[in-house]
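Read through the structure below, which is laid out as structure tokens, and then see the notes.
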Amino acid sequence: MLIRIGLENGFEGRRSIAWALDYPGAFAYGRDSSEALLNLPQALVRYEHWVNRHAGEPRLNMSHLDLRLVETWEVYCINEAFEVVPEGLEINSFFRDDWRPLSEEEVQNGLDLLSWSRADLLAIVGELPAEKLDQTYEGQRWSIRGILAHVATAEWWYLNRFGLMGERSSLPKEPFQRLEVVRQRLNEVLPSLAGSKQVLGVDGELWSPRKLLRRALWHEMDHIGHIVELL
């Protein structure tokens with residue numbers, strides 16, 4: 001199976017991400033590009049098991065992998081004048097692959113993946129008592145409740161790149177409600193983006209429907225792992 005890889009270096013100023021471009025939600029981190037690429041095959045095996053378990057059938061077969069690095073992105077920072085600076089707004093990857101319109105099949109697959117990742121998230125946190133949700137952890141920015149609010153707000157932010165959601169002040173303050181409202185909106189608008197060639201530049205960064213799906217899945221799945229580590 002051919003796995004086309006997009007490599008993003010300098011993410012958060014300190015690490016690399018290897019993205020499986022044709023498989024939203026499949027990615028691996030590394031301290032540098034070499035480590036990210038080395039970690040991707042194992043991440044793909046976990047992804048295969050995750051997809052097949054949720055689908056209830058062997059939808060993916062990640063045996064005989066043919067991994068090919070096709071694109072590399074070097075993260076950089078800009079200031080308010082859109083000048084490249086050592087510290088500022090981080091501009092994350094927009095691969096040439098992100099220009100490709102999403103097909104209707106890819107949108108449906110994306111909706112499946114989003115529903116599975118959300119089900120996993122709620123299965124982990126849904127029954128936690130308030131004291132566990134609000135517990136603070138040394139060296140961590142957020143409690144688990146704070147992470148949930150962050151996941152929802154980030155998804156709102158992705159949709160806001162396209163003008164597809166209202167002001168942040170309109171979001172529910174309660175994290176579980178915020179998660180529900182924002183995800184409902186993403187599920188509503190994603191089918192309308194099938195076939196769209198729209199690419200927008202917002203605050204110095206390019207966005208497309210494919211990037212929207214890629215980032216939304218990555219962000220939720222990344223923080224699922226984060227919460228599991230805390231617990």
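The model shown is predicted, which means the values in this text are computed figures rather than measured ones. Side chains included, hydrogens not; waters and symmetry mates left out as well; all remaining heavy atoms used.
Just one residue in the list Leu193, Val107, Val189 forms a side chain to side chain contact (heavy atoms under 4.5 Å, CB included) with Pro209, and that residue is Leu193. A side chain to side chain contact (heavy atoms under 4.5 Å, CB included) with Val182 is found for one member of Arg178, Gln184, Arg185 and no other, namely Arg178.
Counted within 6.0 Å of CD on Glu12, heavy atoms from surrounding residues, nucleotides or ligands total more than 12; the atom is thus considered enclosed. Counting heavy atoms of neighbouring residues, nucleotides and ligands inside a 6.0 Å radius, atom CD of Glu180 does not exceed 12 of them.
A salt bridge is defined here as a Lys NZ or Arg NE, NH1 or NH2 lying under 4.0 Å from an Asp or Glu carboxylate O, and Asp22 with Arg4 meets this definition. The existence of a salt bridge linking Asp32 and Arg15 is excluded, since no basic side-chain nitrogen approaches an acidic carboxylate oxygen closer than 4.0 Å.
Annotation: ring-ring contact (aromatic ring centres under 6.0 Å, His included) contacts involving residues 57-83, sequence neighbours excluded, are absent. Counting only residues at least two apart or on different chains, the ring-ring contact (aromatic ring centres under 6.0 Å, His included) pairs with a member in residues 189-216 are Trp157-Trp207, Tyr158-Trp207.
For Glu8 (side chain) and Ala18 (main-chain N/O), no donor-acceptor pair under 3.5 Å exists by modelled atom type. Looking only at distances, no side-chain donor or acceptor of Asn109 sits under 3.5 Å from a matching main-chain atom of Glu105. Formation of a donor-acceptor pair under 3.5 Å by the Arg183 side chain with backbone atoms of Glu155 is not found in this model. Remark: side-chain polar atoms of Gln140 are not paired, donor with acceptor, to backbone N or O of Trp142 under 3.5 angstrom.
Ring centers of Phe94 and Trp19: at least 6.0 Å apart, outside the cut-off.
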Which pairs of donor and acceptor atoms, one on a side chain in residues 121-134, lie under 3.5 Å apart (sequence neighbours left out)?
residue: Lys132; atom: NZ; partner: Gln135; partner atom: OE1; Å: 3.2
residue: Asp134; atom: OD1; partner: Arg145; partner atom: NE; Å: 2.6
residue: Asp134; atom: OD2; partner: Arg145; partner atom: NH2; Å: 3.3

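Counted by atom type alone, Glu57 and Asn52 present zero donor-acceptor pairs between their side chains at under 3.5 Å. No hydrogens or angles considered: nothing links the side chains of His54 and Asp112 as a donor-acceptor pair under 3.5 Å.
The side-chain heavy atoms of Asp98 and Val199, taken from C-beta on, include no pair separated by under 4.5 Å. A 4.5 Å side-chain heavy-atom check between Arg68 and Ile3 finds every atom pair outside the cut-off.
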Criterion side chain to side chain contact (heavy atoms under 4.5 Å, CB included) on Glu106 and Arg210, from CA distance to verdict
CA-CA 9 Å; Glu106 287 175 316; Arg210 185 173 294 275; 2.8 Å; yes
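For the residue pair Leu159 and Leu212, the shortest heavy atom distance occurs at N-CD1, 4.2 Å.
Relative ring orientation between His223 and His226 is described as tilted, the plane-to-plane angle lying within the 30° to 60° band.
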